[in-house]
Every structure is written in structure tokens, then in C-alpha cells.
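The structure appears right after this line, and notes come after that.
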Amino acid sequence: MDRILTYNDVVMPAFMYGTAWKKEQTARLVELAVDSGFTGIDTANQLIHYQEALVGEALLALAKKGVKRESLFLQTKFTSVSGQDHRTPYDQSADLTTQVQQSFKSSLKHLHTDYLDSYVLHGPHSRWGLNQADWDVWAAMEEYYRVGTTKMIGISNVQADQLQELCEKAAVKPMVVQNRCYAVMGWDKEVREICKAQGIIYQGFSLLTANQDVLRDPQVWEIAKRVGANPLQVIFRFALQIGMLPLTGTTNGQHMRDDLEVLTKFELSTDDVQKIESIGI
Ligand SMILES: NC(=O)c1ccc[n+]([C@@H]2O[C@H](COP(=O)([O-])OP(=O)(O)OC[C@H]3O[C@@H](n4cnc5c(N)ncnc54)[C@H](OP(=O)(O)O)[C@@H]3O)[C@@H](O)[C@H]2O)c1
């Protein structure tokens, strides 16, 4: 269960390590995550929340220890001007195709690599529909997929109607979606259902931070006790069993190992999964 296959036949890890908000600790934590067993790393070329260059520093240190680039799955994002501060990795006055090209090139440089495993659009320009700017950015990303400098392309922070439209009209539909999951929204059920129908991998983030009520729920504690896990592990296992690829943002080595343990340590029954699905709705 520790590997999954995308619709375009890329093998990717079933659980990924997220590097948002790690600041100057980013390099140390990425190294620790890989040493702890993570092979998938998520970042973004967006200095407000991520230190992509420090992810790259960790990769250099790991390479010195014999960790090969091909053994890792590197995912980064293009973030448009509205998601950036003044430190954009591109010329803000350039057209969008050029912005994507400059951001992509800078990501490769930061990560000391000549290809990405996954390149993700951090989010459409608006919450409502897709506009010409989104199509321009997507077309520029598709080009990197066509020439093979990224094995996959994807989209984040996407609404169900936007994803549906992208799948219908894009030359290359996304291989991956990355969204925040709230239990009260059925764990993003509408978007997950489109992903399932289209064969798109759904990556869920803030599974713990966005669902503190679920973590406190006595039913989750009861399940955790029965399967010999802690409630956080139960949530990650639940995510896996409903077909998600979870992201964790832990900063702790023991928690990294605890999180990865859910891939193999225990299973939830159908009844457990249904119980968790109904909490908060
Ligand atoms: N696309 C986007 O717009 C977007 C937005 C947000 C996030 N993301 C991605 O998703 C990643 C994860 O997001 P997140 O940081 O919100 O994830 P998260 O895993 O839901 O939250 C991290 C928190 O959970 C705790 N935690 C994790 N495993 C634990 C364990 N086994 N035991 C106890 N505590 C545990 C961590 O505490 P400790 O540090 O003490 O373990 C930390 O406080 C980000 O790093 C980023 O890559 C993407």
C-alpha cells in the first residue's frame, strides 16, 4: 500500500511529507523525513509559506549520503501573483506563460534537479470558474508535461465545478489534485468523487489541523484504542482507506514514523470508516 499508480502510469508514494511553514528548519526536517522513510516531498516556489531552496539543500545532503534523485518523488507548485508577496520567482510584469517558465526553471535550480515528478498549479485565479489566465497557466504547465520535464501535472485549492471543467476542456487533465479536507464538508467529497471518476490522485492536506473536533471525538478514541493506534493515526488511515493520499506536516521524527506506520500497522473496518465519515456532518 505504500505506492500508488497514476492514470499515466507514474508510480508515486502513498503518503507525502509537506514542507509548508518549516522556515529555516526546512532542510533539517526534509532530511529527517527522508531518513524516517518518506520518499515524497511537497513544496512550492512561494516564499511566504515555503522554502523550496532549503528543500534543495536537504536533497544535496541526502545525495551525499547516497539517496538517489530517482528514489524520491518531488512535487512543487506554480503560485500566481495573488498568492505571493514581492519575492516572486518570476517577473510580475511578464505574460503568464513566461511567469510559469521562470518559476519552473527556478524550481529546478532550487531543487538541484533537471525534472520534477509533479508540478501543481497552487490554485485557480478565482473561486468561481476558470478564466483565461488559468488556461494560459495550465497550457504552459502542459508543455512541461509534454516534453517530459515533469512526469505529472496537477491543481490545488480547486472547487468541484472548476475541476470538472478542467477535466473536460484541458488537453491534459490533471493527474493529481491537492485540497484541504474538512470533515464537515464530507472530507471534500464532491471533489474526491470527480477524482475517482477521472482516475485522478487526490492529495488531502490539513487532515489533522482542519479537523480538531474529529480528533477529539470519543468514537475516534474508541477505534484508536481497539486497533492499537492513536487518534491521529486513525485519521490518516481513514484518509488512505477512502482513497486519499495524505500529506503530513509534522516537525517531529517520532511523529513522522507514527504517520508512516499507518500504511501497514492496522486496518479500519468498513463500519469504522463509515463512523468517521459521519462525524461532523
Ligand atoms: N496546496 C496548498 O495550498 C496547501 C496548503 C496547506 C498545506 N499544504 C501542504 O500540506 C502539508 C501538510 O499540511 P499541515 O501542516 O496542515 O498538515 P497536518 O499534518 O494536518 O498538520 C500538522 C500538525 O499535525 C501534527 N502532527 C502530525 N502528525 C502527528 C503525530 N503523529 N502526532 C502528533 N501530532 C502530529 C503536527 O505536530 P508536530 O509537528 O508536533 O508533529 C502539526 O502540528 C503542508 O506542509 C503543505 O505541504 C498545501
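Whatever order the structure lists them in is the order used to number ligands and atoms, beginning at 1.
- Residue contact check: L207 has heavy atoms under 4.0 Å from atoms 20 (O) of ligand 1.
- Here the shortest heavy-atom distance to atom 24 (O) of ligand 1, taken over N157, L208, V177, belongs to L208.
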query: Between Q233 and R237, is a side-chain hydrogen bond (donor to acceptor under 3.5 Å, both in side chains) present by the stated rule, with each step listed?
result: CA-CA 6 Å; Q233 290 179 308; R237 180 71 204 187; over 6 Å; no
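- Here's the thing with G18: one of its N/O atoms is less than 3.5 angstrom from an N/O atom of ligand 1.
- Residue Y50 holds the heavy atom nearest to atom 8 (N) of ligand 1 of all those in Y50, F236, Y17.
- Among protein heavy atoms, atom 18 (P) of ligand 1 sits closest to G249 N, 3.9 Å.
- A tilted orientation is assigned to the rings of Y17 and F38, their planes being inclined by 30° to 60°.
- Remark: among candidates H122, H255, Q46, the nearest residue to atom 33 (C) of ligand 1 is H255, based on non-hydrogen atoms.
- Atom numbering of ligand 1 starts at 1 in the shown order; those under 4.0 Å from a heavy atom of L232 are 29 (C), 30 (C), 32 (N), 33 (C), 34 (N), 35 (C).
- Here Q178 has side-chain heavy atoms under 4.0 Å from ligand 1, and that is the only part of it that gets that close.
- For S206, heavy-atom contacts with ligand 1 shorter than 4.0 Å involve the backbone as well as the side chain.
- Numbered from 1 in the order shown, with element, the atoms of ligand 1 that lie under 4.0 Å from a heavy atom of T248 read 12 (C), 19 (O), 27 (C), 28 (N).
- Contacts between Q233 and ligand 1 below 4.0 angstrom, taking non-hydrogen atoms only, are absent altogether.
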